[in-house]
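Take a look at the structure set out below.
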Amino acid sequence: MSASTSIHEMLLGRPLSPSEQGATGLIRRLLELLANEAIESTTNTLLGYSLVKAAREQGDSIDGLFGSIENKTEADAWEAFDQGIKDVYDLEGKLLEIKSLLPQSLSLEPANTVDGKAGIEAWESKRLELLGHLGKFHQRTEETPWEQRCDDASLFRSLMRKVKGQDSQIASPALKTVIDALNNVVANMDDYPSDKAIQITLGIKTAWLVKAALSEFQTTTNPNRKRYLAQDDVWNAAKSVALLISSNATSQQMQGRYQEFVSKLDI
């Protein structure tokens with residue numbers, strides 16, 4: 001059995017099969033399509049998986065409702081039938097909305113800081129939309145779902161792996177401190193409680209912009225921009241936010257220093 005087939009079974013609760021007929025036939029076809037696209041996602045992967053599984057469970061519930069009709073009185077059977085049809089339309093609508101969000105795949109190779117900021121905005125927006133849809137299926141009590149924490153941790157590690165080695169292009173002690181501080185956060189991510197997810201989020205955004213600035217330094221043909229990106233002034237701003245993230249500072253402090261770093265890159 002291939003890995004993708006195994007994931008299909010995990011998400012759908014059964015092996016892939018020809019499309020079924022009946023009231024939930026379209027739902028099953030949409031679920032198979034969404035499972036394919038969730039598997040192709042490279043960011044927010046577990047959030048996508050959880051959405052497909054939650055939708056499948058709701059589809060199973062609808063099937064169970066229709067299956068119970070024959071054992072009901074005529075009045076109860078009609079009531080269950082009407083409810084089932086409403087549930088089918090509701091779930092089909094949800095699935096069509098989710099379809100527009102998958103697959104979740106963003107480039108982690110920004111060409112410059114403008115590209116990096118656009119990538120961050122797209123990632124945060126898509127993650128928020130996925131969380132919103134997941135909330136329509138499950139009422140969560142935790143501030144940050146475990147799927148988000150796992151997805152964010154994976155993204156953070158990926159970004160730091162891409163930054164590794166590129167920092168040698170710029171001879172700034174502050175840049176080395178930035179890399180060390182962010183790597184320290186990555187190494188200790190399991191110790192961050194769910195209500196401190198802002199630290200991981202800001203760590204990801206800072207790493208993303210560091211990667212973007214290093215890529216721009218390497219490829220820009222503008223000598224003034226190249227000279228500016230090598231200045232300690234830029235990397236001291238990044239150092240300030242990275243050290244605050246690493247030291248478990250308040251959200252307000254971290255957000256403020258992060259915006260200062262963004263402002264430096266905007267010059």
Is the backbone N or O of L96 less than 3.5 Å from a side-chain atom of S100, with the two atoms forming a donor-acceptor pair by type?
-> no
Are any non-hydrogen side-chain atoms of V88 and F66 less than 4.5 angstrom apart?
-> yes
What distance do Q166 atom CD and Q218 atom CD have between them, rounded to the nearest 0.5 Å?
-> 6.0 Å
Check the side chains of T73 and D76 for a donor-acceptor pair under 3.5 angstrom, ignoring hydrogens and angles.
-> yes
Is the number of heavy atoms from other residues, nucleotides or ligands under 6.0 Å of K136 NZ greater than 12?
-> yes
Would you name the heavy atoms of G48 and L102 that are closest together and state the gap between them?
-> CA-CD2, 4.3 Å
Side chain to side chain donor-acceptor pair (under 3.5 Å) assessment of N36 paired with E32 = CA-CA 6 Å; N36 282 328; E32 290 191 2; over 6 Å; no
Would you name the heavy atoms of K264 and A237 that are closest together and state the gap between them?
-> CG-CB, 3.7 Å
Group every Ile, Leu, Val, Met, Phe, Trp and Tyr by side-chain heavy-atom contacts under 4.5 Å, then state whether L243 and L265 land in the same group.
-> no
Between W208 and W123, how do the two ring planes meet: parallel, tilted or perpendicular, split at 30° and 60°?
-> tilted
Answer with yes or no whether the side chains of R149 and S154 bring together a donor and an acceptor at under 3.5 Å.
-> no
Take D60 and R28 through the salt bridge (charged side-chain N to carboxylate O under 4.0 Å, His left out) test and state the conclusion after the steps.
-> CA-CA 10 Å; D60 291 344; R28 298 302 170 183; 2.9 Å; yes
Got a sec: does the CD of E124 have more than 12 other heavy atoms crowding it under 6.0 Å?
-> yes
Does the side chain of Q58 come under 3.5 Å of the side chain of S61 through a donor N or O and an acceptor N or O?
-> no
Could you tell me which non-hydrogen atom of A174 sits nearest to which non-hydrogen atom of N236, and how far apart they are?
-> CB-OD1, 3.3 Å
Treat each ILVMFWY residue as a node, draw an edge where side-chain heavy atoms are under 4.5 Å apart, and state whether I39 and L33 are in one component.
-> no
Indicate yes or no: at least one non-hydrogen side-chain atom of R127 is less than 4.5 angstrom from one of D152.
-> yes
Which heavy-atom pair separates F137 from I98 by the least distance, and what is that distance?
-> CE1-CD1, 4.0 Å
Count the heavy atoms belonging to other residues, nucleotides or ligands that lie under 6.0 Å from CD of E57, then report whether that count exceeds 12.
-> yes
Any side-chain donor-acceptor pair under 3.5 Å between T45 and D151?
-> no
Between N44 and Q104, is any side-chain donor less than 3.5 angstrom from a side-chain acceptor?
-> yes
Single hit among H133, Q148, E147 for side chain to side chain donor-acceptor pair (under 3.5 Å) with S50 | E147
Distance-minimising heavy-atom pair for S246 and V185 | CA-CG2, 3.6 Å
Donor-acceptor side-chain pairing of N188 and N184 below 3.5 angstrom = yes
